[in-house]
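Residue numbers run from 1 in the order of the sequence given.
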Amino acid sequence: MNRRSCGVLMHITSLPSPYGIGTLGGEAEKFADWLQKAGQSWWQVLPVGPTGYGNSPYQPFSSFAGNPLLIDLDELCEHGLLEKADCENADYGADPEFVDYEKISATRNELLRKAFGKFVDDVGYTSFIREEADWLDDYALFAALKDKFGGKPWTMWDKDIKTRKPDAMERYREELKEEIRFVKWCQYIFFRQWSRLHSYCNSKGVGIIGDIPIYVSPDCSDVWASPELFELDEKLCPKRVAGVPPDYFSATGQLWGNPLYNWTEMKKTGYAWWIKRVKKSMQLYDVIRIDHFRAFDTYYAIPFGHKTAEHGTWENGPGMDLFNAIKAELGKVNIIAEDLGDIFDSVKKLLADSGFPGMRVVQFGFNPENADNDHLLHNYPKNSVCYTGTHDNATIAQWFKEADAKSAKMAKNYMRKGLMERFSDCAVRSAYASQSFLAVIPMQDILGLGKRARMNLPSTLGTHNWSWRMQPNKLRAKDAERLYALAETYMRLKK
C-alpha cells in the first residue's frame, strides 16, 4: 500500500443514478473506469452500513450489514424480479443534486419487497445465510423487530425481547420469519453486488479504501446482541458515552452519544468482536480507514445524561494489545489511522508502534496566526495520507471563500496559486506534490464545488448532510486527463 499513489474520496450515495441515490450498479463501474483513466489507484468510500435517523453512515444499525439503499435496481430488473417501469415511475424526490432519504427509503422498501416476492431460494442465498450466520441472524431479527415496534430503539422494546429471553427470541423468530427472510435476502443481494463491484474495480487497477467508525450506534444490533461488550448498566442504558471535550471549535465539546466499549470484557474474549469486524472489512475493502483512531489510546468518556461534553474524563484504551491480537489472528492488515484533532504524545506513540499511516489535511495547515503546524505540507511524513479535506470539512473552494484574509493569503502564497488557477486546483496540485505516499482528494474538490456540495457539518442534523450527489455530466474526460497529468508529474502513477 505504501508506494506513491493517489485516489478519490467519493461515497456510493453520491454517484449519479436515475433512482435518486448512487448504487452499486453501472454508474459505479463507470466511475471505476474514470478513475483508471485518471491514473487513480484508490477509491475511498464512507461506511456502507444500513443508516437510520440522521442518515449518517457513521451511525449504522449494524457493524457488519450493508445498506439496502445502495442495491442496484437495474440488476433486479435483469433477473426478472422487477419491471423497469416499476423503477422509472417511482418517486425519488424533486432535487437531483441531493438524496431525499425519506422518499428514497419508502420507495426502495416498496421496490425491494416487490422483488423479494418473486425471489426463489438459490444456492448462493443458502450459502450466504449459512456462512454469515454469526452476525446475520442477530441483525435480521433486530431489523424485523424494529419494524414490528414501529422503528423504536431496542431499549424501548418489550422487556422480554429487549433482554433477549430465550422463549421471546424463539417466539419472535417464528412470528417474524418472513420479515427475517426479507432482511437476509436484502443482505444477500447487497453483498453479491458489492463483491461484483469490488472485483470490477480491482480489474481496473483500483483498490477500495473502506471506513470503520470506531464506535457503534446506541441503537444497533451489535449492542443489543452483545451488551456485555459495552459500558451499560443493569437497565441496559449506557453508563458513559463518547464525544470530544471543548476546544477551539466548540466551547461545550461534541457529545456523540455512542456507548463506550467495555475493554476489560473485550480483552477477556481475546478481542473476538473486533477481530470479526476487521475480518469482515478485509473482505469488503483493500484498505481500512479507522475513524477516531486516537480512542484506542485514550478516549473521552462523558457521563450518560449530560447535555454537553464539558465534564468528561480521559480513559485508557487497549493500545497495541488490540492490534497485536488482530495481527496474530488475521496477519497484516492495511489500515489508515484517522489521527486528527487534539493528539497526545501517547497517541503519536501508538501510531508509530502500529506502523499505520496517519492523516494530513491541507486546509488545516493555514490559520490566522500563520503558525507552523503538522498540516502544512512541508511537515508531512512519507508514511501519511494527504487530503485536501474530509467528509466533515467544507469543500476546499468553500474554505477559501470563507477563510479570514490572513489565512487565505497564507494559503495562496504557500501553494503558489497561479493568477488564473482555481484555488481548488492549486490545493489538489499541492496535495499531489506532498511527501505523503498517498494523496486522496474528495470528488467535490476535483470539481471545484462550493458550499452546496459539502458532505457533512459535524454535530448537526442538517437537511443536506450526507446527501450531496454528483450529476452525470460532471464526470468529465478533461478532469481525468488533468488528474492523470498530475499523477504522472508527481510520480503517483501505478508502475
Side-chain angles (χ1 to χ4, degrees), residues 12-13 15 17-29 48-51 60-92 103-149 151 169-201 203 221 225 280 283-284:
I12 305 293
T13 58
L15 289 167
S17 163
Y19 306 133
I21 190 172
T23 72
L24 304 175
E27 291 293 340
E29 293 184 356
V48 295
T51 55
F61 287 132
S62 167
S63 296
F64 300 90
N67 191 345
L69 297 183
L70 305 183
I71 288 175
D72 174 37
L73 299 179
D74 286 333
E75 186 196 63
L76 299 182
C77 293
E78 291 168 9
H79 287 238
L81 300 178
L82 284 176
E83 298 294 330
K84 194 74 172 178
D86 293 333
C87 303
E88 293 174 342
N89 296 332
D91 183 4
Y92 301 107
K103 286 188 176 179
I104 290 291
S105 297
T107 298
R108 281 304 172 99
N109 185 54
E110 182 180 338
L111 289 171
L112 290 174
R113 288 182 185 280
K114 183 176 288 189
F116 171 66
K118 295 183 178 180
F119 175 73
V120 178
D121 288 10
D122 56 22
V123 174
Y125 173 76
T126 303
S127 298
F128 174 79
I129 62 173
R130 182 177 66 248
E131 292 166 4
E132 305 294 333
D134 63 343
W135 66 267
L136 183 59
D137 286 351
D138 278 321
Y139 172 68
L141 179 57
F142 174 88
L145 286 163
K146 273 196 77 68
D147 185 67
K148 176 179 175 58
F149 288 109
M169 296 282 284
E170 184 177 350
R171 185 175 74 254
Y172 280 116
R173 282 195 180 110
E174 177 60 27
E175 177 187 334
L176 303 174
K177 61 184 178 183
E178 262 315 283
E179 183 68 16
I180 289 170
R181 185 168 171 267
F182 169 68
V183 174
K184 290 183 176 182
W185 174 81
C186 287
Q187 292 304 303
Y188 167 57
I189 298 297
F190 173 91
F191 284 106
R192 185 178 72 185
Q193 292 188 356
W194 181 273
S195 179
R196 182 193 62 195
L197 176 61
H198 190 185
S199 296
Y200 186 84
C201 289
S203 76
S221 60
K280 184 65 177 176
Q283 296 169 2
L284 296 177

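In this structure, the side chains of R192 and Y125 stay at 4.5 Å or more apart for every pair of heavy atoms. Annotation: side chain of T23 is not in contact with side chain of I71 (no heavy-atom distance under 4.5 Å). At least one side-chain heavy atom of F191 sits less than 4.5 Å from a side-chain heavy atom of L284. The shortest side-chain heavy-atom distance between E132 and Q187 does not fall under the 4.5 Å cut-off. At least one side-chain heavy atom of R196 sits under 4.5 Å from a side-chain heavy atom of D72.
Comment: K177 engages E174 in a salt bridge, judged by a side-chain N to carboxylate O separation of less than 4.0 angstrom. A salt bridge between K280 and D134 is absent, with no side-chain N of the basic residue lying under 4.0 Å from a carboxylate O of the acidic one. Salt-bridge formation is detected for the pair E179/R113: a Lys NZ or Arg NE/NH1/NH2 atom is positioned less than 4.0 Å from an Asp or Glu carboxylate oxygen.
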With a 3.5 Å cut-off and sequence neighbours excluded, list the donor-acceptor pairs that the side chains of residues 80-87 form with protein atoms.
from: K84; atom 1: NZ; to: Y19; atom 2: OH; distance (Å): 3.2
from: K84; atom 1: NZ; to: D74; atom 2: OD1; distance (Å): 2.6
from: D86; atom 1: OD2; to: E83; atom 2: N; distance (Å): 3.2

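Atom NZ of K184 and atom SG of C186 lie 13.0 Å apart (nearest 0.5 Å). Within the model, atoms CD1 of I104 and CG of N109 stand 12.5 Å from one another, a figure rounded to the nearest 0.5 Å. Distance check, rounded to the nearest 0.5 Å: CG of L69 to OG1 of T107 gives 10.0 Å. Remark: L73 CG to E88 CD distance equals 11.0 Å, nearest 0.5 Å. Of the inter-residue distances, the one linking I180 atom CD1 with D147 atom CG reads 11.5 Å to the nearest 0.5 angstrom.
Taking every heavy atom of both residues into account, V183 and A140 meet most closely at CG1-CA, 3.7 Å. When all heavy atoms of L145 and L176 are compared, the closest pair comes out as CD2-CD1, 3.8 Å. Nearest heavy atom pair, residue L70 against residue G22, reads CD2-O, 3.6 Å. Heavy atoms only, all atoms of each residue included: P68 and G66 are closest at CD-O, 3.2 Å.
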From CA spacing to verdict: side-chain contact (heavy atoms from CB on, under 4.5 Å), I129, L136 = CA-CA 7 Å; I129 62 173; L136 183 59; 3.9 Å; yes
message = Applying side-chain contact (heavy atoms from CB on, under 4.5 Å) to L197 and C201, what does each step give before you reach the verdict?
response = CA-CA 6 Å; L197 176 61; C201 289; 4.0 Å; yes
request  = May I have the step-by-step check of side-chain contact (heavy atoms from CB on, under 4.5 Å) for N67 and R108, ending in yes or no?
outcome  = CA-CA 11 Å; N67 191 345; R108 281 304 172 99; over 6 Å; no
task = Please report the C-alpha distance between L76 and I189 in whole Å, then the side-chain angles of each, then the deciding distance to 0.1 Å, and finally whether the side-chain contact (heavy atoms from CB on, under 4.5 Å) criterion is met.
result = CA-CA 9 Å; L76 299 182; I189 298 297; 4.1 Å; yes
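Counting non-hydrogen atoms of neighbouring residues, nucleotides and ligands closer than 6.0 angstrom, the CD atom of Q283 exceeds 12 such neighbours.
Ring geometry, Y139 versus W135: the interplanar angle falls from 30° to 60°, so the pair is classed tilted. Ring orientation note: the planes of Y188 and F128 are tilted relative to one another, at an angle of 30° to 60°.
With respect to R173, the side-chain contact (heavy atoms from CB on, under 4.5 Å) criterion is satisfied by exactly one of R171, E170, M169: M169.
For the ring-ring contact (aromatic ring centres under 6.0 Å, His included) test, residues two or more places apart in sequence or in another chain that qualify with F182 are F116.
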